[in-house]
Amino acid sequence: MPKAVGIDLGTTNSVIAYKEAGGNVIVIPNAEGSRLTPSVVAFKGNEIIVGEHAKRQAILNPENTVISIKRKMGTDYKVKIESKEYTPEQISAFILQKLKKDAESYLGEPIQDAVITVPAYFNNAQREATKNAGIIAGLNVLRIINEPTAAALAYGLDKQEQILTVLVFDLGGGTFDVSILEIGQGVFQVKATAGDNHLGGDDWDKKIMDWILEEFKKEHGIDLSKEKAAMQRIREAAENAKKELSIKMETEINLPYIYADEKGPKHIQLRLTRSRFEEMSRDLMARLEAPCKRVLEDAKLTPDKIDRILLVGGSTRMPMVQEFVRKFFGKEPSKDINPDEAVAVGAAIQASIIKGETKDIVLVDVTPLSLGVEVLGGAVEVLIPRNSAIPIKKSQVFTTAADFQTNVEVHVVQGERPLAKDNISLGRFILSDIPPAPRGVPQIEVTFEIDANGILQVSAKEKSTGKEQSIKITGATRLSKEEIDRMVKEAQQYAEQDRKKRELIEARNRLDQMIYTAEKAIKDYPNVDANVKSELENAINHAKEVFQKEEDVININKAIDQLQNALYKFTSTAYAATGASASSNNPNPNASSEQNYKIED
Ligand code: AMP
C-alpha cells in the first residue's frame, strides 16, 4: 500500500513524516538532507526555488521571494511576480510539491495520501485553501487537522484512559499559538486557543541582527542595514548565534569581509552571551504573557488544572522560553519530541489511522464560533453552537414569513451576537419555487454539515417537493484568531444590549403573527356580531400602529394582550354562533410556535 504522509505546512518551516508499519514515525529529510524545509518560495527567471536555497537568497532577491504565505491563506491576496499572479494556494502548493517530490525520492515510491495540519483557529476559508494547496500539489488530502491536536497525538496522549487537560505552547518562526485541549479515550477537543500572529523566532533573530549592526556602527561608523549581501549574511549568523545560545552560555559571531571601503576590508567578530541575549529579548518575552492568560480565561481554567504542557515550534528550544513556561504555569513542560517535528509526527500518525493502519481513535475538533441563519427581524437562529465537536450535522425546520411566499433566502452567519448584522456573513442563497401556501405552512429543512476538515456545507430543502439548494462555504470569511477573540469578547460586552434587542425582535414577531391570525379570523368568520367584529378591527389597527412605531417591549406586549383578548372574544362569539366549542377550535395565536417565522424573503 502506498504510504500516507503527515505534513506540517508551517509559516516558517514545513515538515513531512510517515508512520512505518512497525509503528515508528520517520521524519523524511529533504533533498538538501534537512528535516525542516523553509516555507520560502523564490522565482528566478523560469525557475522556482523552494526551501533552504530560496531562504538563502531572500534578502538579495526580496521582490521575487515569498515568505510566510500561510498568513495569507484563505484570503484573495495575490503574489505578483513580474507579470504573473499567484494565489496563496499556489505558493503553498510549490512548498508541498517539494516536500512530496523529495519524500518520494527518499522513499523510492510515489506518495499520494496526506494529512495536513492547520492552526486550530483557521476558519473554513483557510482550511479549504490548505486543502486546495494539497490538491494542486497532486496530493489526496485525507484530512486537515489542528496543529495542537497533532502535537498531542505525537505524544501518544490519545491512549490515555482518564481525561487529560493539555496545553500546547507553540512558538515557531513567525507565530505564537497556545491552545488548551481536553483529551480522553481517543477524543480530542480544543477548548480554547489564543496567540500572537506576529511573534516568533524571527523577532529574536532581529534582536541579534540589530545588535550586530549597532556594534558595527559603533566600531566603524558604517550603517550596514542597506547592504543587501551583508544583511543576508548577518541574518544567517544571527539565527545561528540564537540557536547556539540555546545550548551554550556564549557564542561567537564571525563574519569576515562583511564590507570593504577605500580603507580596506571590514570584519565582524563579536561575542554574545546568553544573558545579554535574554536581556535584549525582554520585550519579546513579555508578549508571551497576554495570550497565555487569555487561553486560561477562555478555557475557564487555572494553571494548576493543566495536566501536561507540550512544547512545539523550534523557538521553544530557547531556555528563556522554557523558563517562562515553567514559571507561568508552575509545571515542567514535556519536550521529549523534537518541538519542530511534533506536529508533522502527529499528522503522520493520523494519516495512518485514517488508512486503517492504526486503530481505536476518534479525532474531535471544535467549531471556533457559532453558526446559524438569519431569521425574521434580523435575529440569528444558531444551528451549531460555538465549540461543538466536528464533524457535525444539524437540521432545523423553518417556514415562510408571508402568505404565498415562493422564495426564501438562507443567510448563513458566524458569530456570537444574537443579531445577524453584528456577525460575519458567510454566504447567502435562495431556495425558490416553493409551492404557494399561507405563511407558516411550507416546511423548509435547513441543514448545516461540517466535515472532518472543518468545511461547512449548508443546504435548504422544501419538504413537500424535495427541491433543494445548497452552498459550500469557502472564500467568504477572513477570520483571524484575533477576530475570533474579538467577537467572543464583544458578545460578552454587549450581552445585555443584545438580549434587549432580541427580546424586541421576538415581541414584534409575536405581534406580527397575532395580527395575521386576527385578520384571518375576520375573513374566516364573516357573520360575527358587528360590534364584536369592529372591536377586533380596532384592536388590529392599534396593533398595526404599535408594530410600525413601537420600540418598547412592554408596550408591544400590551398590544399583544389587547389583541389576544379581542380575538378570543371574537372567536368565542363565532363558535357560539356555529355551535362549536370555543376551546376545541380556537385559533389560539400563541399556539403558533416561533419556529413558524424563521426565514424572511
Ligand atoms: P518552526 O516554525 O517550528 O520550524 O520554528 C522555527 C523557528 O525556531 C526559527 O525561528 C528557528 O530559528 C527557531 N529555532 C530552531 N531551532 C532553535 C534552537 N535550537 N534555538 C532557538 N531557536 C530555534
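Both ligands and their constituent atoms are indexed starting at 1 by order of listing.
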Polar atom proximity, [X] to ligand 1 (N or O, under 3.5 Å):
X    : value
G314 : yes
G173 : yes
S246 : yes
N13  : yes

Got the closest protein heavy atom to [atom], with its distance?
atom                    : answer
atom 11 (C) of ligand 1 : E239 OE2, 3.3 Å
atom 19 (N) of ligand 1 : R317 CD, 3.3 Å
atom 15 (C) of ligand 1 : K243 CE, 3.6 Å
atom 10 (O) of ligand 1 : K242 NZ, 3.1 Å

Polar side chain donor-acceptor pair, [X] to [Y], under 3.5 angstrom:
X    : Y    : answer
N146 : R127 : yes
D223 : S225 : yes
S39  : S14  : yes

- [ ] Identify, by atom number and element, the atoms of ligand 1 in contact range of M318, meaning under 4.0 Å from any of its heavy atoms.
- [x] 21 (C)
Task: Ligand-side contact atoms (ligand 1) for residue partner G313, heavy atom cut-off under 4.0 Å - done: 3 (O)
- [ ] Among V312, L9, T149, find the one that has a side-chain contact (heavy atoms from CB on, under 4.5 Å) with V343.
- [x] V312
TODO: Using the ring of Y259 (Phe, Tyr or Trp, six-membered ring only), decide whether K266 places NZ or CZ under 6.0 Å from its centre and within 45 degrees of its axis.
DONE: no
TODO: Classify the angle between the aromatic ring planes of F94 and F43 as parallel (below 30°), tilted (30 to 60°) or perpendicular (above 60°).
DONE: perpendicular
Task: Under the salt bridge (Lys or Arg N to Asp or Glu O under 4.0 Å) test, residues paired with K218 that sit two or more places apart - done: E215
TODO: May I ask you to identify, for S315, whether its side chain, its backbone, both or neither come under 4.0 Å of ligand 1 on a heavy-atom basis?
DONE: both
TODO: Go through R274 and E250 one step at a time and tell me if the salt bridge (charged side-chain N to carboxylate O under 4.0 Å, His left out) criterion holds.
DONE: CA-CA 6 Å; R274 186 188 285 175; E250 192 176 289; over 6 Å; no
